Amino acid sequence: MSKKNKKNKKNKLKKTQVEQILNKNHIAYEQKEFPTHQDGDVRTMTVDHTGIDEHTIYKTLVLSGPTTGPLVGVVPIDSHLDEKALAKVSGNKKVEMVPLKKLLKTTGYVHGANTPVGIYEKHHYPIFIDNAARQQGDIYVSSGKIGRSVRVNAEDLAKLVHAEFADLEQK
């Protein structure tokens, strides 16, 4: 193996389970690793998104409703989820965030690593993505590890996880 090939192999990120699922389903994506900073406790970990429009980076929020049980809302990280809108579109009277201490048990992911791809693959929970994603085309979602994301087409993502687009951003 040449030095150049060794160097490229060393710089290439090991595929996460989410990336393997995207490969298996022939969905184009781009790996992205963001620098992380931690002050002792995992709950205080911060991710540096410098250089990327934060409205294209989406957070995966896990909630629960009396009709559906666990469900997922995917909104830009620079906005807030409108829980009433999610409740209405999901057929629930109301929805509430899953408590942090129950998150790992509910999804299989720690806070900051939840991903619609992995959650759907493991649990088939109902998933709702904010309409802004459809208009943006490509968005970033977690790749299942803190600090790791994938840039993927929102329509392709929605098809894969059987998501519904809806107005979920709090106005």
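The structure displayed is predicted, hence computed values, not measured ones. Each residue takes its place number in the sequence, starting with 1.
In plain terms, the two heavy atoms of V117 and V161 that are nearest each other are CA-CG1, 3.8 Å. Between F165 and A154, the shortest heavy-atom distance links the atoms CZ-O, 3.6 Å. Across E169 and P76, no two heavy atoms sit closer than the pair OE2-CG, 3.9 Å. In terms of heavy atoms, P70 sits closest to S64 at N-OG, 3.9 Å. Residues S143 and V150 approach most closely at OG-CG1, 3.8 Å, considering heavy atoms. Across all non-hydrogen atoms, the minimal contact from I129 to A163 is CD1-CB, 3.7 Å.
How far CE of M97 is from NZ of K102: 14.0 Å, rounded to the nearest 0.5 Å. Between K94 atom NZ and T67 atom OG1 the span is 12.5 Å, to the nearest 0.5 Å. Atom CD of E121 sits about 4.0 Å away from atom CD1 of I21, to the nearest 0.5 Å. Between the CD atom in Q170 and the CG atom in L86 there is a gap of 12.0 Å [rounded to 0.5 Å]. Here CG of L160 is found 6.5 Å from CG of L22. Values are rounded to the nearest 0.5 Å. Note that OH of Y140 is 5.0 Å distant from CD of E30, once rounded to the nearest 0.5 Å.
Checked by atom type and distance alone, the side chain of T115 pairs as donor or acceptor with a backbone atom of S142 at under 3.5 Å. With hydrogens and angles disregarded, no donor-acceptor distance shorter than 3.5 Å links the side chain of N25 to the backbone of I27. Q136 contributes a side-chain N or O that, together with a main-chain N or O of H55, makes up a donor-acceptor pair within less than 3.5 Å. Although no hydrogens or angles enter the test, the distance criterion places no donor-acceptor pair under 3.5 Å between the side chain of Y125 and the main chain of Y120. Checked by atom type and distance alone, the side chain of K84 never pairs as donor or acceptor with a backbone atom of V95 at under 3.5 Å. Using modelled atom types, no side-chain atom of N114 and backbone atom of T107 make a donor-acceptor pair closer than 3.5 Å. Looking at D130, its side chain never comes within 3.5 Å of a backbone N or O of D167 through a donor-acceptor pair. Checking side-chain atoms of T16 against main-chain N and O of E19 turns up a donor-acceptor pair under 3.5 Å.
Side-chain atoms of L13 and R148, non-hydrogen and from C-beta on, do get closer than 4.5 Å to each other. V72 is not listed as a side-chain neighbour of F128, based on a closest heavy-atom distance of 4.5 Å or more. Annotation: side chain of L157 is in contact with side chain of V141 (closest heavy-atom distance under 4.5 Å). With contacts defined as side-chain heavy-atom distances shorter than 4.5 Å, the pair V75/K59 qualifies. Taking the side chain as every heavy atom from C-beta outward, D138 and T56 never approach each other to under 4.5 Å. Counting heavy atoms from C-beta outward, E83 and L63 have side chains that approach closer than 4.5 Å. With contacts defined as side-chain heavy-atom distances shorter than 4.5 Å, the pair N92/L71 qualifies. With a 4.5 Å cut-off on side-chain heavy atoms, K105 and L103 do not count as touching.
Hydrophobic clustering, with ILVMFWY side chains joined whenever heavy atoms are under 4.5 angstrom apart, groups I119 together with Y58. Cluster annotation: I57 and L81 are assigned to distinct hydrophobic clusters (Ile/Leu/Val/Met/Phe/Trp/Tyr, side-chain heavy-atom contacts under 4.5 Å, transitive).
Few gaps surround NE2 on H123; more than 12 heavy atoms of other groups in view lie less than 6.0 Å from it.
Under the 6.0 Å distance and 45° angle rule, K122 counts as a cation-pi partner of Y109.
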Before giving the answer on side-chain contact (heavy atoms from CB on, under 4.5 Å), spell out for H162 and I127 the whole-Å C-alpha distance, their side-chain angles and the decisive distance to 0.1 Å.
CA-CA 7 Å; H162 301 266; I127 298 175; over 6 Å; no
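Side-chain N/O atoms of D156 and Y29 include no donor and acceptor closer than 3.5 Å.
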